[in-house]
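Reviewing the structure listed below.
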Amino acid sequence: MPLLSVVVPVHNVERYLRACLESVLVESSAEIEVVAVDDRSPDGSAGILREYASRDPRVRVVTLAQNVGLGRARNAGFALARGVRVVRRQ
């Protein structure tokens, strides 16, 4: 189980996506995962996500059936994240 999950909602960010993923994946630890949520982006973002997922097992791609917006895309990724969850009780 990964220690840390990073959820990246993706829509129309082809221009910035590689830099975003590289900034997260520079961490060489295998204890992270990137859950990239393709929110039906009309640009080349989906191809970039597939490329990264094919070469780095820490990257998982979720493709939504329709564009749902930033918040709902983030929540979809969060629901699939496998990182350790800490719940603090008062």
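When a residue number appears, it is its place in the shown sequence, counting from 1. Just so you know, these numbers use all the heavy atoms, side chains as well, and skip hydrogens, waters and symmetry mates.
Applying the side-chain contact (heavy atoms from CB on, under 4.5 Å) criterion to Arg74, with sequence neighbours excluded, gives Val7, Pro9, Leu70. Listed by chain and residue number, Val6, Val10, Cys20, Val34 satisfy the side-chain contact (heavy atoms from CB on, under 4.5 Å) test with Val8 (two or more places apart in sequence, or in another chain). Not counting sequence neighbours, the partners of Asp43 by the side-chain contact (heavy atoms from CB on, under 4.5 Å) test are Asn12, Glu14, Ser41, Ser45.
Note: Ile48 CD1 to Leu17 CG = 5.0 Å, rounded to the nearest 0.5 Å. Expressed to the nearest 0.5 Å, how far CG of Leu4 lies from CZ of Arg82 amounts to 13.0 Å.
Across all their heavy atoms, Tyr52 and Leu25 have their closest contact at CD2-CD1, 3.7 Å. When all heavy atoms of Val35 and Ala81 are compared, the closest pair comes out as CG2-CA, 4.2 Å.
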For a quick test of your reading: what N or O donor-acceptor pairs under 3.5 Å do the side chains of residues 61-69 make, sequence neighbours left out?
{"unit_1": "Asn67", "atom_1": "ND2", "unit_2": "His11", "atom_2": "ND1", "d": "3.1"}
{"unit_1": "Asn67", "atom_1": "ND2", "unit_2": "Asp39", "atom_2": "O", "d": "3.0"}
{"unit_1": "Asn67", "atom_1": "ND2", "unit_2": "Asp39", "atom_2": "OD2", "d": "3.1"}

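Side-chain atoms of Arg60 come within 3.5 Å of backbone atoms of Leu80 as a donor-acceptor pair (strictly under, hydrogens ignored).
Within the structure, the salt bridge (charged side-chain N to carboxylate O under 4.0 Å, His left out) test picks out the following pairs touching residues 46-56 (sequence neighbours left out): Arg18-Glu51, Glu22-Arg55, Glu51-Arg55, Asp56-Arg58.
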